[in-house]
Amino acid sequence: MVLSGTLCASDEMKDTALKVLYLHDDQLLAGRLQAGKLMKGEEIRVVPNRFLDASLSPVILGFQGGSQCLSCGMGQEPTLKLELVDIMQLYQSPEVARPFIFYFRDMGLTSSFESAAFPGWLLCTMPEADQPLRLTQLLGDASGDLPITDFYFHQCD
């Protein structure tokens, strides 16, 4: 599935254990309850990367209205973090660094996001609530102790 060139906002992204992503102390966590109430997930802005092979569905993920973007870092090992960079600046620049790009894999009901800078590393949550969003090379699901790499992601039309 190839994303169009328009800015897209999603209400939220949930893992297969139904934990939503939320921002706490400049870190993305995955959880269910806050003060005893179901929490609303962080709004996600998504734009395609126009300079890589569109058939791979390369995307950039933005948070806080697109003012912060998810990055895998530039080291030898991936380090997932939010960076203060405008998503539209990354969208318009042919020099976009690979650390901000994820390959969107639509698997029907669920989706996964693989790092372009670190092939084989996927966004994941942990089975326990209120843990940081991470990267893993282990494929998992919501049924055990493995990281959860599949997400329910409402893609804009």
Side-chain angles (χ1 to χ4, degrees), residues 1-5 7-10 12-17 19-31 41-107 110-142 145-156:
M1 173 178 288
V2 178
L3 297 175
S4 69
L7 184 65
C8 176
S10 173
E12 61 190 15
M13 185 164 87
K14 296 178 186 174
D15 67 16
T16 54
K19 296 188 303 290
V20 297
L21 298 182
Y22 67 97
L23 196 61
H24 179 73
D25 291 334
D26 293 324
Q27 189 172 30
L28 283 170
L29 305 177
E42 185 71 28
E43 183 179 275
I44 302 168
R45 301 211 181 252
V46 180
V47 295
N49 174 272
R50 302 179 297 164
F51 307 102
L52 294 179
D53 183 354
S55 70
L56 298 174
S57 297
V59 297
I60 302 165
L61 303 173
F63 297 86
Q64 296 289 291
S67 65
Q68 296 182 39
C69 292
L70 203 55
S71 167
C72 295
M74 298 286 288
Q76 289 185 351
E77 291 286 321
T79 304
L80 195 64
K81 59 186 170 183
L82 282 174
E83 292 194 28
L84 286 170
V85 60
D86 185 81
I87 194 169
M88 293 311 292
Q89 179 184 4
L90 295 173
Y91 172 74
Q92 295 169 355
S93 173
E95 298 87 30
V96 162
R98 281 192 184 264
F100 293 99
I101 302 168
F102 295 87
Y103 294 124
F104 174 76
R105 305 280 188 253
D106 183 352
M107 300 175 289
T110 61
S111 304
S112 66
F113 296 86
E114 180 182 2
S115 169
F118 296 93
W121 288 85
L122 299 161
L123 287 182
C124 73
T125 61
M126 299 308 289
E128 304 83 24
D130 305 314
Q131 297 297 309
L133 183 67
R134 303 171 192 203
L135 290 164
T136 186
Q137 290 182 303
L138 300 173
L139 296 180
D141 58 35
D145 293 333
L146 291 174
I148 301 167
T149 57
D150 295 338
F151 295 89
Y152 297 111
F153 182 72
H154 172 73
Q155 185 178 336
C156 301

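Note that the coordinates shown come from a computational prediction; the quantities given were computed from them, not determined experimentally. Each residue takes its place number in the sequence, starting with 1.
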**OP:** State, to 0.1 Å, how close M126 and K19 come at their nearest heavy-atom pair, and which atoms those are.
**Re:** O-NZ, 3.0 Å

**OP:** State, with a plain yes or no, whether a side-chain heavy atom of F151 is found less than 4.5 Å away from one of T110.
**Re:** no

Original post:
Roughly how far, to the nearest 0.5 Å, is CZ of R45 from CZ of F63?
Top reply: 11.5 Å

Subject >> Closest approach of S111 to D106 (non-hydrogen atoms, all atoms of both residues) >> reply: OG-CA, 4.1 Å

Subject >> D25 side chain vs Q27 backbone, donor-acceptor pair below 3.5 Å >> reply: no

Original post:
Mind checking whether I101 and V59 have side chains closer than 4.5 Å, heavy atoms only?
Top reply: no

Subject >> Within-4.5 Å side-chain heavy-atom neighbours: T125 and Q131 >> reply: no

Subject >> Point-to-point distance, once rounded to the nearest 0.5 Å, from NZ of K14 to CD1 of I148 >> reply: 13.5 Å

**OP:** Using ring-ring contact (aromatic ring centres under 6.0 Å, His included) as the criterion, point out the one residue from F104, W121, F102 that pairs with F113.
**Re:** F104

Subject >> Separation between OG1 of T149 and CG of L123, rounded to the nearest 0.5 Å >> reply: 9.5 Å

**OP:** Measure the shortest side-chain to side-chain distance between V46 and L61 over non-hydrogen atoms and say whether it is less than 4.5 angstrom.
**Re:** yes

Subject >> Sub-4.5 Å side-chain heavy-atom contact between L29 and P132 >> reply: yes

Original post:
Would you call Y22 and L28 a side-chain contact if the rule is heavy atoms closer than 4.5 Å?
Top reply: no

Original post:
Just by distance, do the side chain of R105 and the backbone of L56 share a donor-acceptor pair under 3.5 Å?
Top reply: yes

Subject >> Flag, side chain of S67 to backbone of Q64, donor-acceptor distance under 3.5 Å >> reply: yes

**OP:** Write down the atom of D15, the atom of A17, and the distance for their closest heavy-atom approach.
**Re:** OD1-N, 2.9 Å

Original post:
Could you state the interatomic distance from CG (L52) to OG (S57), rounded to the nearest 0.5 Å?
Top reply: 11.5 Å

Subject >> Close side-chain approach of S112 and Y103, heavy atoms under 4.5 Å >> reply: no

**OP:** Of all the heavy-atom pairs spanning Q92 and F51, show the shortest one and how long it is.
**Re:** O-CZ, 4.2 Å

Show me the side-chain donor-acceptor pairs of residues 68-85 shorter than 3.5 Å, one per line, residues at least two apart or across chains.
from : atom 1 : to  : atom 2 : distance (Å)
S71  : OG     : G73 : N      : 3.0
S71  : OG     : E83 : OE2    : 3.0

